[in-house]
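This report refers to the structure that appears directly beneath it.
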Amino acid sequence: MRTATLGPAQRAEALARMAEQELDILVVGGGVVGAGTALDAATRGLSTGLVEARDWASGTSSRSSKLIHGGLRYLEMLDFALVREALKERGLLLQRLAPHLVKPVPFLYPLAHKGWERWYAGTGVVLYDAMSVSSGHGRGLPVHRHLSHKRALRVAPCLKKDALVGALQYYDAQMDDARYVATIVRTAAAYGAQVANRARVVGFLREGERVVGARVQDVEVGDEYRIRARQIVNATGVWTDDTQALIGERGQFHVRASKGIHLVVPKDRIHSTTGLILRTEKSVLFVIPWGRHWIVGTTDTDWDLDKAHPAASSADIDYLLEHVNSVLATPLTRDDVEGVYAGLRPLLAGESDATSKLSREHTVAHPVPGLVVVAGGKYTTYRVMAKDAVDEAVHGLDQRVAECVTEDVPLVGAEGYKALWNARARIAVRTGLHVARIEHLLNRYGSLTEEVLELVVADPSLGEPLAAAEDYLRAEVVYACTHEGARHLDDVLTRRTRISIETFDRGTRSAREAAELMAPALGWGSEQVEKEIAHYEKRVEAERESQRQPDDLTADAARLGAPDIVPR
C-alpha cells in the first residue's frame, strides 16, 4: 500500500529539496486544483513541487457544499458538455479513485405544480441519469424515482404538506472537501512530489521574459528559498490575479469571486431520510446530510473584500433561513445553527453581471514563458483541470512526457478500503473500539485507518474521544500533525476535523485538549500552546461578531479583527 507521511520533518526536507535542484514543475496553490496538478505531474514522472501559502485547502476547497455532482441545474443552461464531464468524474471518484471518501447521497426535489413541472423536471433528471450511465462510470448510483405527495412526505416528514404536490428523488455524491484535498496532497507526495504548506510565494525569478522559478518564504520561521522550475503552474483560485501581479501580468482573463455561505444544524432539527434541493429566485438551495448534522446552503453573491477570510453577514444567514423555512413544517431559528462557513468560488469574469451565471468551466493559459495559469472550474472536475494545466506546461518542457494517468491512480487509502470495510466488525473486536468508530475512521482514512490505530496501540488514551467533540478520537488530532501536515490548532479543528462547524461552541471547548495533544508532535512549549488557544478563540469570536453584522462591509471589518498567523 502506497502512502506518505507529512510531518514537520518531511515538510522541512521538502523545502530544502525543492531549493537544491531545478524542478520540472512547481505548482503554486494547495487547493483541490493545485493538489490535483501536483499529483498529475508527479504520476507522469516529472519532478514536482507544491507550495501553499497557508494550509492545504484553507481557501475555497474547504468551504464548498461538499458535493461531487454533475450540476443538475447546468442542464437547464444547456451546458451539456460540463454536465457530462462532471458526471464522468463523479463516477470515477465513487468507483475507482476515492471510494473511501466519496459517498452517494439522495436528494428530494419537491414539485410545487401539478402536471407540467413533473414532466419538465423529470425530463431533466432522466437526461442526468442517462448521461451518467453513458459516461461509463454511472452505474454505482440508483436511478431517480417519482414520488407522490404522500410518499414524499413519508421520505421527508419535515416538509410542509402544502409545500409540494409530489417530488422527484435522485442521487449525487458528497465528500469532506478539506480531507479530500489533504489526501490528494499525500498521494502526490507518495509518488515523489515535494510538498510544503505555510510556504508563500513572494516573488518570481525571471531570466528576460521567462519565469524560471519562485521566491518562497517559509511562513513558520521566515526563511526564504529560491526554487527554480522549468514550468510553474499558478493554481491559486480566487488569488489568481494577485499571483499574476507578482510578475506584473494580469493575465489573459480575470477571476471574480462569488461568496457562498452555509449553515450547519443538528440532524434532529430536520426530520428527513434524504437531502433536499430547492429552487430560489437566484439559484438553488441544498439541504445536505452531513453525519449527525445537516448543511444548508448556499448563497451566490459578488465579493471584493478580504479573500482569505470571507465573512458571512447576518443578512446572509437570514436569507438561508428564510428560504429553507419556506418549506419546513418546523422552522429553523438562529438558535439551531451550530456552525456557519463562507467560501469564495473562483469564476471566470466577463460573461455576465450576475455571479450565478458566470462560467463554472475552466481556462488554462500560458501568459508568459515558464508560467501556466489555470482557473475557474468546479470541485468535481479538478482532475480534468489538473490534466489540462500539466498538458499546457508540458509544451514548454521540450521533452517527451507521458500522458495523464490519474484516471487510474487511486488516492491513498482507497486500496484495500473495501476489504477493511467488510472486516470492520473484526477490527472493532481487535482494537476494543466500537464498530461505529471503525466505520467513522474507514470513511475518513480508508486503509490508512491502520496508521491511526497504531497510535492507539502505542498510547491507549488516544483511543478515547475528545471530551467536547465526541465524534473524533484523540488519535485523530495527533495523526493530523504527524501524518497530514497540520501545523496549527486552526488546521486541526477547522480542516483535519470539522469540529469548528459541528459544535455549538465552534470548537473552543476542544481547543485546549487538542492543543496539548498537538504539542509533542510539533515541538510546542507551554507558551505556544497558550498562543494557539488564544488565537483560535479570537478567530471564533471574530467570526461570531461578523455574523451579527448587517452587511458585507461591516461583517468583513469584524472578521478582520482576529490575526491571521499565529506568532512563533
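Note that this is a predicted model, so its numbers are computed, not measured.
Using a 4.0 Å cut-off between a side-chain N of Lys or Arg and a carboxylate O of Asp or Glu, Arg474 and Asp459 do not qualify as a salt bridge. Salt-bridge check for Glu537 with Arg544: failed, with every basic side-chain N at 4.0 Å or more from each acidic carboxylate O. Under a 4.0 Å N-O distance rule, the pair Glu450/Arg430 qualifies as a salt bridge. The existence of a salt bridge linking Arg17 and Glu20 is excluded, since no basic side-chain nitrogen approaches an acidic carboxylate oxygen closer than 4.0 Å. Look at Asp471 and Arg498 and you find no salt bridge, because none of the NZ, NE, NH1 or NH2 atoms lies under 4.0 Å from a carboxylate O. Using a cutoff of 4.0 Å between basic side-chain nitrogens and carboxylate oxygens, Arg487 and Glu52 are not scored as salt-bridged. Note on Arg179 versus Glu484: salt bridge recorded, some NZ/NE/NH1/NH2 to OD/OE distance being below 4.0 Å. The existence of a salt bridge linking Arg292 and Asp268 is excluded, since no basic side-chain nitrogen approaches an acidic carboxylate oxygen closer than 4.0 Å.
If you run side chain to side chain contact (heavy atoms under 4.5 Å, CB included) between Leu473 and each of Leu455, Leu433, Val478, only Leu433 comes through. Exactly one residue among Asp491, Asp55, Asp176 makes a side chain to side chain donor-acceptor pair (under 3.5 Å) with Arg496. That residue is Asp55.
At least one side-chain heavy atom of Leu441 sits less than 4.5 Å from a side-chain heavy atom of Leu453. Two residues are said to be in side-chain contact when any heavy atoms from C-beta on lie closer than 4.5 Å; Tyr417 and Leu101 fail this criterion. Residues Thr406 and Leu39 meet the side-chain proximity criterion, which asks for heavy atoms closer than 4.5 Å. The closest side-chain heavy-atom distance from Lys418 to His100 is not below 4.5 Å. Within the 4.5 Å cutoff, the side chain of Lys267 has heavy atoms near those of the Trp294 side chain. Proximity of Leu94 to Pro104: side-chain heavy atoms (C-beta onward) are separated by under 4.5 Å at one or more points. Ile288 places a side-chain heavy atom less than 4.5 Å from the side chain of Leu67. Between Gln21 and Ser47, the closest side-chain pair of non-hydrogen atoms is not below 4.5 Å.
Residues His488 and Gln528 have side chains that never bring a donor and an acceptor to within less than 3.5 angstrom of each other. No side-chain donor-acceptor contact under 3.5 Å links Arg90 and Thr380. In this model, a donor atom of one side chain and an acceptor atom of the other lie less than 3.5 Å apart for Asp316 and Ser313. Using a 3.5 Å distance cut-off with no hydrogens or angles, the side chains of Arg437 and Thr431 do not pair a donor with an acceptor.
A donor-acceptor pair under 3.5 Å is formed between the side chain of Thr497 and the backbone N or O of Val492. In this structure a side-chain-to-backbone donor-acceptor pair under 3.5 Å is missing from Glu532 to Ala515. The closest donor-acceptor contact from the side chain of Ser62 to the backbone of Ala57 lies under 3.5 Å. Glu513 places a side-chain N or O within donor-acceptor distance of the main-chain N or O of Ala467, the cut-off being under 3.5 Å. A distance-only check finds no donor-acceptor pair linking the side chain of Ser546 to the backbone of Asp556 [under 3.5 Å]. Thr187 places a side-chain N or O within 3.5 Å of a backbone atom of Val412 that can act as its donor or acceptor partner. Checking side-chain atoms of Asp223 against main-chain N and O of Tyr225 turns up no donor-acceptor pair under 3.5 Å.
The minimum heavy-atom distance between Met518 and Leu489, with the atom names listed, is CE-N, 3.7 Å. Smallest separation of non-hydrogen atoms from Pro266 and Phe504: CG-CZ, 3.8 Å. Between Ile317 and Ile261, the shortest heavy-atom contact is N-CD1, 3.9 Å. In plain terms, the two heavy atoms of Asp388 and His362 that are nearest each other are OD2-NE2, 2.8 Å. Pairing each heavy atom of Gly34 with each of Leu50, the nearest pair is O-CD1, 3.9 Å. In this structure, Ala468 and Asp505 approach most closely via the heavy-atom pair O-OD2, 4.5 Å.
Separation of atoms CZ (Arg506) and OH (Tyr536) is listed at 9.0 Å; rounding is to 0.5 Å. To the nearest 0.5 Å, the span separating NE2 on His262 from OG on Ser64 amounts to 6.5 Å. To the nearest 0.5 Å, atom CG of residue Asp306 and atom CG of residue Leu560 are 4.5 Å apart. Interatomic distance, Gln174 CD to Lys103 NZ, rounded to the nearest 0.5 Å: 10.5 Å. We find the OG1-CG distance between Thr449 and Leu420 to be 7.0 Å, quoted to the nearest 0.5 Å. With rounding to the nearest 0.5 angstrom, the CZ atom of Arg63 is 12.5 Å from the OG1 atom of Thr298.
Residues His440 and Tyr472 place their aromatic rings such that the two centres sit under 6.0 Å apart.
When the shell of 6.0 Å around CZ of Arg226 is examined, it contains 12 or fewer heavy atoms from other residues, nucleotides or ligands. In Arg426, the CZ atom is not crowded: 12 or fewer heavy atoms of neighbouring residues, nucleotides or ligands sit closer than 6.0 Å. Around the NZ atom of Lys538, the shell of radius 6.0 Å holds no more than 12 heavy atoms that belong to other residues, nucleotides or ligands.
Classified by interplanar angle (parallel below 30°, tilted 30° to 60°, perpendicular above 60°), the ring pair Phe286/His69 is perpendicular. Relative orientation of the Tyr479 and His483 rings is parallel, given thresholds of 30° and 60° on the angle between their planes.
Residues that satisfy the side chain to side chain contact (heavy atoms under 4.5 Å, CB included) test with Ala199, not counting sequence neighbours, are Leu15, Val51, Ala196, Val216. Taking Ala41 as the reference, Ile25, Leu46, Thr48, Val390 meet the side chain to side chain contact (heavy atoms under 4.5 Å, CB included) condition, with sequence neighbours excluded.
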**OP:** Please assess Val32 against Ile184 for the test side-chain contact (heavy atoms from CB on, under 4.5 Å), listing each intermediate value before the final yes or no.
**Re:** CA-CA 8 Å; Val32 71; Ile184 301 175; 3.9 Å; yes
**OP:** Determine, step by step, whether Arg559 and Glu543 satisfy the side-chain contact (heavy atoms from CB on, under 4.5 Å) criterion, reporting the C-alpha distance in whole Å, the side-chain angles of both residues, the deciding distance to 0.1 Å, and the verdict.
**Re:** CA-CA 5 Å; Arg559 177 59 186 88; Glu543 287 185 351; 3.4 Å; yes
Original post:
Checking side-chain contact (heavy atoms from CB on, under 4.5 Å) for the pair Gln231/Val372: CA distance, chi angles, key distance, verdict?
Top reply: CA-CA 7 Å; Gln231 291 287 313; Val372 171; 3.9 Å; yes
Original post:
Please walk me through it: do Leu462 and Glu476 pass side-chain contact (heavy atoms from CB on, under 4.5 Å)?
Top reply: CA-CA 8 Å; Leu462 297 181; Glu476 295 181 76; over 6 Å; no
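Among residue pairs with one or both ends in residues 515-528, those qualifying as salt bridge (Lys or Arg N to Asp or Glu O under 4.0 Å) are Arg512-Glu516, Glu527-Lys531; sequence neighbours excluded.
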